[in-house]
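Worksheet: the structure to be examined is printed underneath.
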Amino acid sequence: MKIAKNTAVTLRIKVSDAKGLLLDEGKTPVSYLHGGYANIFAKLEAALEGQEPGFQTTVELAAEDAFGERDESLAQTMPKSEFPPGVKVGGQIQRLDAQGAPRHFFVTKIKGPLVLLDGNHPLAGKTLRFSMQVLDVRAASAEEIEHRHVHGAHGHHH
């Protein structure tokens, strides 16, 4: 079966930066619903359109086509005295961004009385290479199409 709108696609995806540093080995396959459901980056989906199991390709995405450019306004500090107990560097907390919207922030550093937080995705601002191998393609179920994502193995579980 070829990849087309409303097919469930299972991939192995390895991710590296522009210099070739491996960021994700792609050991665990991922599945997505093909056809403009925003389950994977649009340019990756376009590269897979019409392909079949066994197809392999590498696609390089500029930051704006992947996780976006870094937004320095999302780098914040908070007093350590207000910091929730048990959260460590590398962890996440939810708080309001500069516009008052709730957002997850990564804890990047604890420095004296301050905690440094970053609301950007860790790969924001980076050009990334996605090496993809199509493992399986099948017709999506009516429920998957209604829910706009793949269910079951390597997909979303309810």
Side-chain angles (χ1 to χ4, degrees), residues 2-3 7-78 83-84 86-99 101-111 114-138 140 144 147-158:
K2 290 183 184 275
I3 296 173
T7 55
V9 181
T10 301
L11 305 168
R12 184 168 312 281
I13 304 175
K14 291 182 182 180
V15 183
S16 58
D17 67 12
K19 295 177 182 171
L21 176 67
L22 191 60
L23 304 171
D24 184 338
E25 293 182 35
K27 286 185 177 182
T28 303
V30 295
S31 296
Y32 78 96
L33 181 59
H34 189 86
Y37 295 99
N39 291 168
I40 66 170
F41 299 124
K43 289 191 176 182
L44 298 182
E45 188 171 75
L48 295 167
E49 180 73 30
Q51 302 301 329
E52 297 177 289
F55 175 76
Q56 295 183 45
T57 190
T58 298
V59 178
E60 185 170 287
L61 297 183
E64 62 267 16
D65 296 319
F67 293 99
E69 297 293 345
R70 278 193 55 77
D71 179 351
E72 293 308 322
S73 74
L74 294 176
Q76 298 183 356
T77 60
M78 73 181 292
F83 191 65
V87 181
K88 298 183 178 359
V89 171
Q92 290 184 30
I93 64 168
Q94 186 172 354
R95 59 186 272 132
L96 301 180
D97 64 17
Q99 289 73 41
R103 176 180 281 279
H104 284 93
F105 286 82
F106 292 92
V107 179
T108 58
K109 194 176 211 180
I110 300 173
K111 187 175 182 179
L114 292 176
V115 177
L116 285 76
L117 305 170
D118 191 345
N120 289 286
H121 186 282
L123 298 176
K126 295 181 186 280
T127 296
L128 300 171
R129 285 191 191 114
F130 295 83
S131 297
M132 304 180 292
Q133 178 184 13
V134 178
L135 302 176
D136 187 50
V137 181
R138 65 170 173 79
E144 289 171 323
H147 290 184
R148 303 178 62 86
H149 59 254
V150 173
H151 294 166
H154 315 298
H156 183 79
H157 301 276
H158 288 274

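Every value quoted in this text rests on a predicted model; they were computed, and no experiment measured them.
Partner of D118 under the side chain to side chain donor-acceptor pair (under 3.5 Å) criterion, out of K109, R70, Q76: R70 alone. Between E60 and the choices R129, K19, K126, the salt bridge (charged side-chain N to carboxylate O under 4.0 Å, His left out) rule is met once, by R129.
The shortest non-hydrogen separation linking E144 to L33 is O-CD2, 3.5 Å. Of all non-hydrogen atoms in H34 and E45, the two that sit nearest each other are CE1-CG, 3.0 Å. Contact record, F105 with L74: CE2-O, 3.3 Å, taken as the closest heavy-atom pair. Scanning all heavy atoms of the two residues, the minimum distance from Q94 to P102 falls at NE2-CB, 3.1 Å. Between S31 and V150 the shortest heavy-atom distance is CB-CG1, 3.9 Å. Across H151 and R138, no two heavy atoms sit closer than the pair O-NH2, 3.9 Å.
Taking CD1 of I40 as the reference point, atom CZ of F130 lies at 9.5 Å (rounded to 0.5 Å). Here the straight-line distance linking atom OG1 of T58 with atom NZ of K14 works out to 9.5 Å at 0.5 Å rounding. Note: I110 CD1 to T77 OG1 = 13.0 Å, rounded to the nearest 0.5 Å. Atom CG in D136 sits 10.0 Å away from atom CD1 in I3 (nearest 0.5 Å). If you take CG on D65 and NZ on K43, they are separated by 3.5 Å, rounding to the nearest 0.5 Å. Residue L61 holds its CG atom at 4.5 Å from CG of L44, rounded to the nearest 0.5 Å.
Side chain of T108 to backbone of L116: a donor-acceptor contact under 3.5 angstrom is found. Side-chain atoms of R12 never come within 3.5 Å of backbone atoms of M132 as a donor-acceptor pair (strictly under, hydrogens ignored). When atom types are taken as modelled, the side chain of H147 and the backbone of H149 share no donor-acceptor pair closer than 3.5 angstrom. Checked by atom type and distance alone, the side chain of R103 never pairs as donor or acceptor with a backbone atom of L96 at under 3.5 Å. With hydrogens and angles ignored, the 3.5 Å screen pairs a side-chain donor or acceptor of N39 with a backbone N or O of R148.
Counting non-hydrogen atoms of neighbouring residues, nucleotides and ligands closer than 6.0 angstrom, the CD atom of E69 exceeds 12 such neighbours.
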Determine whether L11 and L48 satisfy the following criterion, side-chain contact (heavy atoms from CB on, under 4.5 Å), listing intermediate values before the conclusion. CA-CA 10 Å; L11 305 168; L48 295 167; 3.8 Å; yes
Checking Q51 against V137 for the side-chain contact (heavy atoms from CB on, under 4.5 Å) test, could you report, in this order, the C-alpha distance in whole Å, the side-chain angles of both residues, the deciding distance, and whether it holds? CA-CA 9 Å; Q51 302 301 329; V137 181; over 6 Å; no
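Taking the six-membered ring wherever Trp is involved, the centroid distance between the rings of F106 and H104 does not fall below 6.0 Å.
Using cut-offs of 30° and 60° on the angle between ring planes, the pair F67 and F41 is perpendicular.
Partners of V87 according to the side-chain contact (heavy atoms from CB on, under 4.5 Å) rule, which considers only residues two or more places apart in sequence or in another chain, are F83, P84, I93, V107.
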